[in-house]
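A short write-up of the structure that comes next.
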Amino acid sequence: MKRFLNLILFLSVFLCFSNCYHSDKPSGQYLSILGANVLNRKITIVGDSLAQWSDGFGLRSRLPSEFTVTDLSVAGYTTEDWIQNQNRLNAIPTDLWILELGTNDAMVYGTSGFETRTLNLIDFLQSNQNSIVYLTLVPKTNMVSIQDTIRTNNSTLRAIQEKKPKVEIVDIESIFESYQGELPLYPISDPIHPNQIGYDLMGETYRKKILGI
């Protein structure tokens with residue numbers, strides 16, 4: 001009888017622990033993206049001034065502690081600049097690459113060679129590591145002269161994503177286009193670089209994409 005009562009007590013404690021336990025860790029919505037082991041996931045941003053000037057869109061503070069964010073972005077860089085300096089990326093262990101490029105390409109090259117350069121960069125990033133690449137559809141900016149070019153290049157990125165494995169899209173262009181806030185996303189003095197509201201909007205978009213929420 002005593003053994004039976006001890007068994008009942010053990011089962012009661014076990015069921016209570018199972019039902020009442022609540023972890024303060026992320027629930028793992030992003031497991032399908034980054035794999036089952038989410039501890040110490042490494043993210044590297046390869047971008048231009050939008051990432052550099054916003055401190056990597058604040059992702060270090062926006063993401064849970066399981067993520068390590070490295071921002072290598074350089075103001076003024078294009079896809080060609082990163083291809084020429086790709087050796088900087090060789091020694092970076094990375095699970096997820098964020099490519100935030102396109103604004104400078106639109107100003108320097110237009111649409112010429114954008115697909116080829118992007119494909120070359122993706123192939124290099126994935127050649128030595130089993131990693132995912134996020135392609136950013138950059139906002140069209142407030143500079144009218146490059147808006148059509150950026151729109152075309154973003155369409156090219158969508159086409160690339162459909163053909164390449166382990167490549168995802170982060171659609172900042174649509175997020176900016178659908179913004180209905182009363183305050184603008186760009187300062188009057190700068191049609192290229194968003195203000196803090198715009199950068200926060202980008203950071204939240206990346207965060208939700210990474211976490212799958």
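One is the number of the first residue; the rest follow in order along the sequence.
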Starting from Tyr109, walk the hydrophobic network (Ile, Leu, Val, Met, Phe, Trp, Tyr; side-chain heavy atoms closer than 4.5 Å) and list everyone else you reach, by chain and number.
Val108
Carefully, step by step, assess Asp105 and Thr149 under the rule side chain to side chain contact (heavy atoms under 4.5 Å, CB included).
CA-CA 9 Å; Asp105 283 81; Thr149 301; over 6 Å; no
Output, in order, the C-alpha distance, side-chain angles, deciding distance and verdict of side chain to side chain contact (heavy atoms under 4.5 Å, CB included) for Leu135 and Thr118.
CA-CA 9 Å; Leu135 298 178; Thr118 301; 4.2 Å; yes
Are any non-hydrogen side-chain atoms of Ile197 and Tyr179 less than 4.5 angstrom apart?
yes
Looking at Ala106 and Ile150, what are the two nearest heavy atoms and their distance?
CB-CG1, 3.7 Å
Check: Ser49 and His193 side chains under 4.5 Å, non-hydrogen atoms
yes
I'd like to check Ile83 versus Gln86 (side-chain heavy atoms, cut-off strictly below 4.5 Å). Are they in contact?
yes
State, with a plain yes or no, whether a side-chain heavy atom of Arg60 is found less than 4.5 Å away from one of Asp55.
yes
By side-chain contact (heavy atoms from CB on, under 4.5 Å) - contacts of Asn104 (at least two apart)
Asp48, Thr78, Met107
Roughly how far, to the nearest 0.5 Å, is the CG atom of Asn120 from the CG atom of Leu125?
11.0 Å
Least distance between heavy atoms, Phe176 atom then Pro139 atom
CD2-CB, 3.6 Å
Can you check salt bridge (charged side-chain N to carboxylate O under 4.0 Å, His left out) on Arg117 and Asp81, steps first, answer last?
CA-CA 10 Å; Arg117 292 191 303 274; Asp81 291 309; over 6 Å; no
Who are the salt bridge (charged side-chain N to carboxylate O under 4.0 Å, His left out) partners of Arg158, not counting sequence neighbours?
Asp171, Glu173
Could you give all pairs that pass the salt bridge (Lys or Arg N to Asp or Glu O under 4.0 Å) test and reach residues 178-192, with sequence neighbours left out?
none
Between the main-chain N or O of Thr141 and the side-chain N or O of Gln147, is there a donor-acceptor pair closer than 3.5 Å?
yes
For a quick test of reading the model, state the closest non-hydrogen atom pair linking Leu99 to Thr136 and the distance between them.
O-OG1, 2.8 Å
Between Arg207 and Asp200 (salt bridge meaning N to carboxylate O under 4.0 Å), is one present in this structure?
no
Pick one: which of Ile122, Ile43, Val133 meets side-chain contact (heavy atoms from CB on, under 4.5 Å) with Trp97?
Val133
Identify the two heavy atoms, one from Pro194 and one from Leu50, that lie closest to each other, and give their separation to 0.1 Å.
CD-CG, 4.1 Å
Work out which heavy atom in Arg88 is nearest to a heavy atom in Ile92; give both atom names and the distance.
O-CG1, 3.7 Å
Can you list everything that forms a side-chain contact (heavy atoms from CB on, under 4.5 Å) with Asp123? Sequence neighbours excluded, please.
Lys164
Would you say that Tyr134 contacts Ile210 through its side chain, given a criterion of any heavy-atom pair below 4.5 Å between the two side chains?
yes
Do the non-hydrogen side-chain atoms of Phe114 and Ile160 ever get within less than 4.5 Å of each other?
no
For a 4.5 angstrom cut-off between non-hydrogen side-chain atoms, does Tyr77 reach Asn85?
yes
So OH of Tyr186 and CE of Met143: to nearest 0.5 Å the spacing works out to 10.5 Å
Say whether Leu201 and Val138 are linked into one hydrophobic cluster, either directly or through other cluster members, by side-chain heavy-atom distances under 4.5 angstrom.
no
Find out whether Ile98 and Lys209 are in side-chain contact, i.e. whether some heavy atom of one side chain is under 4.5 Å from a heavy atom of the other.
no
I'd like to know if the side chain of Ser73 reaches the main chain of Asp71, judged simply by a donor and an acceptor atom lying under 3.5 Å from each other, with no hydrogens or angles considered.
no
Looking at residues at least two apart in the chain, or sitting in another chain, which of them share a salt bridge (charged side-chain N to carboxylate O under 4.0 Å, His left out) with Lys140?
Glu177
Could you measure the distance from the NZ atom of Lys42 to the OG1 atom of Thr70? Nearest 0.5 Å is fine.
9.0 Å
For Trp82 versus Leu89, what's the shortest heavy-atom pair and its separation?
CZ3-CD2, 3.9 Å
For Ile169, is there any backbone N or O sitting under 3.5 Å from a side-chain donor or acceptor partner on Gln161?
no
